[in-house]
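Every number for a ligand or one of its atoms is a count from 1 in the order of the listing.
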Amino acid sequence: MSETWANDLDLHLDVSGSRVRLRLEAALRESIRSGRLAEGARLPSSRTLAADLGIARNTVAEVYTQLTAEGWLTARSGSGTTVAPLRGPAPDPGPEAAEAAAHPRYDLWPGEPDVSAFPRGEWLTAARKALADAPDAVFGYGDRRGLPALRGALAEYLARARGVVTAPGGENIVICSGFAHGLELVSRALRAAGASAVAVEEYGHPGHRDIITRQGLRARLLPLDAGGAVIGAAGEADAVVLTPAHQFPLGMTLAPDRRRSFAEWGGFVIEDDYDGEFRYDRQPVGAMQALAPDRVIYCGTASKSLAPGVRLAWLVVPPALLDGVTSCFSGGPSALDQLTLAEFITSGAYDRQIRRARLVYRHRRDRLISALDPLGLRVGGIAAGLHVVVGLPATTAEARAVARGGQHGLALSGLGWYDLAHDAGRAGLVIGYARPPEHAYTTAIARLCAVLAP
Ligand SMILES: Cc1ncc(COP(=O)(O)O)c(C=O)c1O
């Protein structure tokens, strides 16, 4: 795939709703007229653009033909569709373009995979088969833990891929709508069981800390060093939330002796294995749940491996908490989605998706690191996951980089956003390299380097 496409093209277009064709035509004309899409720039193929925008390929092909007839584009066999020379001076971009410039077009926040690469075809195949084979009973009120078909498929997958220990048939697996939902269920169960405090890593997702405190639990902070969370402060808590395979957001792996200490510590451990499938350079790091299945609540999610919009996740719950967790809610995600995921896993499509995504993201990570290398910055957390941390000398430099990013059309997140202690001991950017669609990645990296250049 060429990397010299029209990366400046406003491809993050919202062409949803009606009159998709007219909206796409107008957006392309505007991009060319305002100069954001330069003369000679090569457009993505109609197939690629259609896939990125989630619209029919014919629609894109028709738009290209129309704009070629109007003289905006040039179509030449062998060299694709390019932007034609502009006739006359470029007019003032106007309020629409100014508005567009105010919204970053290259989103490098962590937390999302490339949703344009969602395996639509394979998902559809699985959905068709799942629906065709489903017994009528699945359309009734089912087991609150989730459908046995999905719990069984996950039990096999998790044992094989993450070393997780489950009860036979996945009896202690609970299907929920994302890690955030699972954390809410577990927090509620812990509170009902008499817990009063939960410790979280001092750098983490503020939303997850808030879920815990909304259940009436106090949040304590666990310091982090090169070996991950330091257990000392956990003493006063009834449970801890850890990201052992790839600390979020700093990226270190919880050291083996720390894993053992937390497993033996006595409180509950909520293991957030949000991106455990994505490990590149070292031996896979299995889940720590296997060290203490009676104390560790293992949490997995499809939000990175597939897409957050799928809203499917799973908890492996120790027997002592299982009733508490299931009595907290009236049932999980749609049975149809659960069946589809079960079929997706048992057919091998989930493994294929992960292998494919792992290769793509590894390549993206390598490109990012090579591009940043000449700048002499410290880049951490690179061995796994879908983000890295670019260290900066001070919080002022971090704020400046985020602001400059905005001027360059980049959405960047500074480490300060994850600093739950608010004492800003570290400064840097958390770069989510999976999120931009493939065609936008080259430009996103180039702009990031421009922002970070001394
Ligand atoms: C640390 C961490 N854990 C888990 C998740 C996944 O959350 P969910 O499954 O609710 O989409 C995220 C998403 O950004 C995350 O940052």
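- The shortest N/O to N/O separation between Ala313 and ligand 1 does not fall below 3.5 Å.
- Ligand 1 has an N or O atom lying under 3.5 Å from an N or O atom of Asp272, backbone or side chain.
- Of the protein's heavy atoms, Phe179 CB, 4.0 Å lies nearest to atom 6 (C) of ligand 1.
- Within a 6.0 Å sphere centred on CZ of Arg160, heavy atoms belonging to other residues, nucleotides or ligands number more than 12.
- Within ligand 1, counting atoms from 1 as listed, the ones closer than 4.0 Å to a heavy atom of Gly111 are 14 (O).
- Contacts between His208 and ligand 1, counted as non-hydrogen atom pairs separated by less than 4.0 Å, involve the side chain only.
- Note: Tyr433 and Tyr361 fail the aromatic proximity criterion, with ring centroids not under 6.0 Å apart.
- No close placement of the Phe179 and Tyr274 rings is indicated, their centers lying 6.0 Å or farther apart.
- At a 4.0 Å heavy-atom cut-off, ligand 1 touches Phe248 through the side chain alone.
- Ring geometry, Trp109 versus Trp417: the interplanar angle exceeds 60°, so the pair is classed perpendicular (tilted spans 30 to 60°).
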Arg214 and Asp210: salt bridge (Lys or Arg N to Asp or Glu O under 4.0 Å), yes or no, with the steps?
-> CA-CA 6 Å; Arg214 272 203 299 274; Asp210 296 346; 5.1 Å; no
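- Some N or O of Thr301 is nearer than 3.5 Å to an N or O of ligand 1, by distance alone.
- Nearest protein heavy-atom contact of atom 11 (O) of ligand 1 is Ser303 OG, 2.6 Å.
- For Lys304, the heavy-atom gap to ligand 1 drops under 4.0 angstrom.
- A cation-pi geometry, defined here as NZ or CZ lying under 6.0 Å from the six-membered ring centre and within 45° of its normal, does not hold between Arg447 and Tyr106.
- Taking the centre and axis of the six-membered ring of Tyr203, the NZ or CZ atom of Arg426 falls inside the cone set by 45° and 6.0 Å.
- Atom CZ of Arg378 has 12 or fewer heavy atoms from other residues, nucleotides or ligands within 6.0 Å.
- Note: His246 and Phe278 fail the aromatic proximity criterion, with ring centroids not under 6.0 Å apart.
- In the vicinity of Gly178, heavy-atom distances shorter than 4.0 Å reach the ligand 1 atoms 9 (O), 10 (O).
- Under a 4.0 Å criterion applied to the non-hydrogen atoms of His205, ligand 1 contributes the atoms 16 (O).
- Contact annotation: for Ala180 versus ligand 1, heavy atoms closer than 4.0 Å belong to both the backbone and the side chain.
- Heavy atoms of Arg311 found under 4.0 angstrom from ligand 1 belong exclusively to the side chain.
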